[in-house]
Amino acid sequence: MRTGSYELDIIVQGYPGKSVCHGGLGWSTIALLRGEGRVALIDVGSFSQRGPIRERLKARGLSPDDVTDVILTHSHWDHSVNWVMFPNATTWIGAGELAWSVAQPWGHNTVPELYVRELDRNPRTRRIEPGEAIFPGMTAELAPGHTPGHLFFVLATPESDILFTGDAAKNRAELLSLTADMTYDQAESRRSMETIWKRWRQRPGTLLVPGHDVPMRLENDAPVYIGTREAAISAWFENDLERTTLFSLTLREASPARVAAE
Ligand SMILES: [Zn+2]
């Protein structure tokens, strides 16, 4: 998808769900943004996404070495740990988010303690202040609630804008209800989502890329999905590895949300 001088690809699509018996699912959005000499990833997922990241970069003629910028919305494990995959990248994270993350007691939440400790002492780490520009047209805004120093990013180009909301607005249901499923402060989360809505409505055609859902645009002030949801699990319930049972995790026919063609 082209936006001004940038090309956007959702290389891993976020999923708006939780596992029922196994804790957090953590299927988060990983967005590739290319242009103005940058090869940037907005959030980089976790261990299970390393293979898909490599494959999908390769399909575009890229390797992890080519990534110039890793831009993190927040420090949670399912968005952040793969910063270590990109040896030539500058990793951008909110100054307040990183300071909060390294101060967390070990073993109590979903901050990857050792990965943020390394990030804190890595010379390629850049700490962002809210309102700061990361590269031409791309600025960071504060959106606390899900974590205290969570940022969302606004790419503004002459043609159209893109919002990368991370987990400040994880999915369509959160955006519509203005309530968050996982938050340190429900009132803060609501204020952050109101800020995101204000920015989303400001310019018609603005694409919103959430942390755990398919991107959306507004049509008549209602979010419409851009692209098709893809999610499934393949299970070994038979007596050998050749036969698998496929469980689709989408509701294509019964989906309550309209889907627009990309
Ligand atoms: Zn999170």
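Sequence positions, counted from 1, serve as the residue numbers for this chain. Remember, it's 1-based here, ligands and their atoms both numbered in the order they're listed.
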For Glu188, the salt bridge (Lys or Arg N to Asp or Glu O under 4.0 Å) test, sequence neighbours excluded, returns Arg191

Got a list of side-chain donor-acceptor pairs under 3.5 Å for residues 19-27, not counting sequence neighbours?
{"unit_1": "Ser19", "atom_1": "OG", "unit_2": "His22", "atom_2": "N", "d": "3.3"}
{"unit_1": "Ser19", "atom_1": "OG", "unit_2": "Gly23", "atom_2": "N", "d": "3.4"}
{"unit_1": "Ser19", "atom_1": "OG", "unit_2": "Gly23", "atom_2": "O", "d": "2.3"}

Worksheet item: Does the side-chain contact (heavy atoms from CB on, under 4.5 Å) test come out yes or no for Asp69 and Arg126, once each step is laid out?
Response: CA-CA 10 Å; Asp69 299 270; Arg126 287 283 302 271; over 6 Å; no

Here the Zn ion (ligand 1) sees protein N, O or S atoms within less than 2.8 Å, and their number is 4

Check: His79/Asp167 side-chain N/O donor and acceptor closer than 3.5 Å:
yes

With no hydrogens and no angle check, just 3.5 Å: does a side-chain donor-acceptor pair link Tyr225 and Asp213?
yes

With sequence neighbours left out, the residues meeting side-chain hydrogen bond (donor to acceptor under 3.5 Å, both in side chains) with Asp78 are His212

